[in-house]
Amino acid sequence: MNYKFFPKISFLLLISFSFFEGLQAQNPPIEPSVILITNHQQLPQWTSPWKRGFTSSGNGTGFLIQNRWILTNAHVVSNSRLLLLKKTSSAEPFIARVVAIAHDSDLAILEADDPSFYQGMHPLELGKLPELQSHVRTYGYPIGGTTISRTEGVVSRVEFGTYVHSGVDSHLIIQTDSAINPGNSGGPVIQDGKVVGVAFQSNPNLNDVGYLIPVPLVRRFLKDMQDGVYDGVPEIGIQVSNLLNRHLRRFLKLPSDTSGVLIDRVLPQTPAEGKLHVGDVLVEIGGVPIDASGMVDYEGYQVPFHIMAEHQLVGDLLNFRIWRHQQFKEVELELSLPPFIKDFRLSYDTPPQYLIFGGLIFMPLNRNYLQSSPPSPALLYEHLYREAEKPGTRREQVLMIVGILPSPVNAGYTNLKNFVLNRVNGIPIRSLKHLKSVLAELKSSARFYRFESEWDPTLVVLDKEAVYREHERILERYGIAEGEQL
Amino acid sequence: MKFNLQILLILFVLPSILWGAEPENSNSKEFKKSVALIRTYQQAHDWLIPWNKKALRQRNGAALVLPQQQLLTTAGLVMNHTLIEVRKPGDDRPYEAEVILADNAINLALLHVSDPSFWDDLDPVEWGKTKLGDSKIQYWESKNEWKSISGKVKQLFIGYRSQSKAHFPVFEVVASLKSKVQGNPLVQNNKITGMIMQLRDSNLDAFPASFLQTFIKKASEKPYSGFPQRGFGWQQITQDALRSHLSIEKSQTGILIDRIFHYGTGSDVLQINDFLVSMAGKKLSNEGKIEHSEWGNVLFDFLFTDQPQNFETFSLEVIRQGKRLSLETHLEDFPAEKYSVPLKTVEHPPRYVLRGGVLFQELNMNYLEIWGKDWTSKAPARLSIYQQLESHLPVNKNRRLVLVTRVLPTSINIGYQNLRSLIVTEINGRPVHRLEDVKTAFENPRDGFHQVNFMPGSNRAYLILPDAEMKATDQQILQHFQIPHLERLSF
């Protein structure tokens, strides 16, 4: 779990709950459809990638929607080894499996294997975006008790926010003052008997603030997974800055009745590449005008223009009106997912890739590794800035020697850590798989393996015969079952 | 009782007699008149608001009295001074001192007091030779309390001052002392053989007398050239495979050159993967040490600081691609300001240029330390990356990274006010490598506008300022924010 909540019980909330109860008396009860999810998970160890940690368990919430599907958060069911469901009406645990998972939107669909699980339950209906200041009620199984909990609050904001489960994605988010605690995650937030959001995260720096995933994003998730494969939220692939400065607008000769944002960067391998240019002013998206700070009107809320892309599917077309060379122009993009985006998101459910060779531990750089170890400047540069400063130089994977398993074959290098690998015997290395094939090719011709980095002057040289002689001994000595996981 | 008292008397008297019988171990001579007390009032520059200075603080220490009416102390004690007061034994009157020379790289400074009466009745230092073994540290605990404690000079090592990246010889002195005694004398055999630099952990670091004398001699030559430093990075070869790969015999000792700096001794002749086997005729061990007749094994950097002259010819012997070569280089220093991201300076106020409320500064260690001692994790990653990888990234000599550090809010920069610490690449189509380039570029607007471009990947590609409005606004900004000048490029 990535979230911290404030264990706080408010007397005032209990009072307002009684008031709210009367407003919803005519709707069918929600509680039978709200499920306690227990996830027995096993987390990978990114600094010792061959190790599998002990299992731990955590509780979250889910609720029945259409097609026997149980909707919850992705972070509730990530890295799972066993998922158990429990209804309010029964003590019996039911085994569940993940039908679809969207780490970019922190949503997941589960299904119980046993049809009897669904007896006495009815699917909850999805509603719409709630209005500001309207009352909502959150259902779930937060810490502090074992029975279902209901808390109430008011919608205080609808805006864009970071979804911390992936670490990088920003989507529409609803802020409420409803108490959301560990265990609430994945629970339904109800208004007028319909689901208006999924409780998912809190902010440890603020009191009594909870965040919900709004229904439009849930609907997008369900639509995306209809074909059995979840593709993900597509990207446009641009970086923009505001046009709040009137002198900047004058410089661009933008008509006085026109606003928009300035394109500062077009990312490679994205839909925008070749279609949108640095210096273009983005005036409209999907027919909706963009204001000078990059906001559009979305169902009465002012939110960043990206909202117009985030409800689309991969392959959908999206129209832009731009101001280029003092003329308006229409541009159509086919939305897609850039291949590099996976390295920027936190990774779940897949074990770390690694290769052990001569006691050197090679791994590709990703966000999980950066978060699990104090990042070195070289790694940060490779991860965040290389492609921006030197377009086209980003490799398929940035490889590192993350550490050494001390052995006579690598004596003298035992302090090596976070060594960015660029070349082996002068051959540029593109990925972990490429490294493996290069090492295999050199086996017949080279006497030494020479590992070089653009960042670290240490010349790492291993004797080939010693590497192969010591390999099994190193694995045995350090209790490593597999020397690689590619 | 009477009998017992006699025994006690004998016990007390006997050690004193024995002590007196070994005059070479006696450090009993007092050097009160060779030590002056210093109080400095310091006010550092504010690198966040470059036209401001920080709060005033006070520091106390000591200085050794030298011939020719000079005082020797640590540079740290007098840095950022607004006033230096010195007092001498038995005289409460403060005299004002001025700095003749401060070398912050090695932490030494020379002072002068212009009032001739200060020098009356003071005894200039007579230097002795530093030795391992017993010593005394003499110091003023307060202005009336002179103290002397025992210590042992344990070893000579090569000290490293991270803020200047300078290497210099230091003695480690084991002594039970918690007072800050910087600038006070180390006494051996009734001679001053060193000066205390700092309290480190539970021990003291002391400058050897020979190094102090070299500094004093160098200081007398104009211009002062500083101490040479190495111009290369190195690593040990502990791997037989690496040794074989480089065709270095197992019996051959030396170190592997793995980086060449832009400046410093050897940077002009050495190459990466050279195996350095000797310097100035002294063989190098596999740990980078030379055999010194007096001090045993010390790091080779000792050879640089032991030389009285810069630019002297200096010989290096290397094995390059299997061939033994003799190289000639010269001793060269590596001052803080020559780094692409200059090291911390206390000598100059911050340089800046302010146009249209947009504040331009150069990236250096002083700026990074705005984020405190943990700047490596707290400063913007992009800036700390450049500092930490300074010697790895392809930066050119004499180039700086120019930043927009802050924007003072005015009507013409609406929309830019939240910009912080962005690296500038061009202004009005002109490349920007120094603050002087900023000033020149702003003298050449294009079509009535100034365009400031930022490094790709910044959160804005460029900003625009209108020339006419900017010129009209700049004077208002000075008044409104009470800033003395629109720029400070020289001191």
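On a predicted model such as this, the values are computed, not experimentally measured, just so you know. The chains referred to below are lettered A, B, ... by the order of the sequence lines, with proteins before strands, and numbering in each begins at 1.
To the nearest 0.5 Å, the span separating CG on Asp264(A) from CG on Asn453(B) amounts to 10.0 Å. The OH atom of Tyr385(A) sits 9.5 Å away from the OH atom of Tyr386(B) when rounded to the nearest 0.5 Å. Atoms CG and CD1, on Leu459(A) and Ile237(B) in that order, are 8.0 Å from each other to the nearest 0.5 Å. For the atom pair CD1 (Ile414(B)) and CG (Leu248(A)), the distance works out to 12.5 Å, reported to the nearest 0.5 Å. Here the CZ-CD1 distance, from Arg246(A) to Ile464(B), works out to 14.0 Å after rounding to the nearest 0.5 Å. The NE2 atom of His245(B) sits 13.5 Å away from the OH atom of Tyr449(A) when rounded to the nearest 0.5 Å.
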Problem - Derivation of the salt bridge (Lys or Arg N to Asp or Glu O under 4.0 Å) call for Glu469(B) and Arg250(A) - result: CA-CA 13 Å; Glu469(B) 288 91 335; Arg250(A) 191 156 57 92; 3.2 Å; yes
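Contact annotation for Asn273(B): only side-chain heavy atoms (C-beta onward) come within less than 4.5 Å of a heavy atom of chain A. Contacts of Thr458(A) with chain B are made by both backbone and side-chain atoms, with heavy-atom separations under 4.5 Å. Proximity to chain A is absent for every atom of Arg243(B), based on heavy atoms less than 4.5 angstrom apart. Heavy atoms of Ser458(B) lying under 4.5 Å from chain A belong exclusively to its backbone. In this structure, the portions of Gln239(B) lying under 4.5 Å from any heavy atom of chain A include both its backbone and its side chain. In this structure, the portion of Tyr416(B) lying under 4.5 Å from any heavy atom of chain A is its side chain and not its backbone. Contacts of Pro408(A) with chain B are made by backbone atoms alone, with heavy-atom separations under 4.5 Å and no side-chain atom involved. For a residue to count as touching a neighbouring chain, one of its non-hydrogen atoms must lie under 4.5 Å from one of that chain's; by this rule Leu252(A) touches chain B with the side chain only.
When all heavy atoms of Ile412(B) and Asn245(A) are compared, the pair lying nearest together is O-ND2, 2.8 Å. Residues Pro457(A) and Arg259(B) share a closest heavy-atom pair of CG-NE, 3.5 Å. The minimum heavy-atom distance between Ala388(A) and Pro456(B), with the atom names listed, is O-CB, 3.0 Å.
For Phe451(A), the ring pair (Phe, Tyr, Trp, His ring centres under 6.0 Å) partners two or more places apart in sequence, or in a different chain, are Phe362(A). The ring pair (Phe, Tyr, Trp, His ring centres under 6.0 Å) search around Phe300(B) returns Phe232(B), Trp234(B), not counting sequence neighbours.
Gln451(B) places a side-chain heavy atom less than 4.5 Å from the side chain of Phe251(A). By the 4.5 Å heavy-atom criterion applied to side chains, Tyr413(A) and Leu242(B) are counted as neighbours. Two residues are said to be in side-chain contact when any heavy atoms from C-beta on lie closer than 4.5 Å; Arg447(A) and Ser244(B) meet this criterion. Counting only heavy atoms from C-beta outward, the side chains of His247(A) and Leu465(B) never approach each other to under 4.5 Å.
Top candidate by heavy-atom pairs under 4.5 Å with chain A, chosen from Ser411(B), Ser384(B), Ala381(B), Ala241(B), is Ala241(B). Between chain B and the options Val461(A), Asp463(A), Leu384(A), heavy-atom pairs under 4.5 Å are most frequent for Val461(A). Your options are Leu462(A), Val278(A), Val409(A), Ile263(A), and the one with the most heavy-atom pairs under 4.5 Å with chain B is Val409(A). Among Met455(B), Arg460(B), Gln236(B), the residue making the largest number of heavy-atom pairs under 4.5 Å with chain A is Arg460(B). Interface remark: of the candidates Leu244(A), Val460(A), Val240(A), Leu244(A) forms the most heavy-atom pairs closer than 4.5 Å to chain B.
Other residues, nucleotides and ligands contribute at most 12 non-hydrogen atoms within 6.0 Å of the CD atom of Gln327(A). Around CD of Gln321(B), the count of heavy atoms belonging to other residues, nucleotides or ligands within 6.0 Å does not exceed 12. Counting heavy atoms of neighbouring residues, nucleotides and ligands inside a 6.0 Å radius, atom NE2 of His277(A) exceeds 12 of them.
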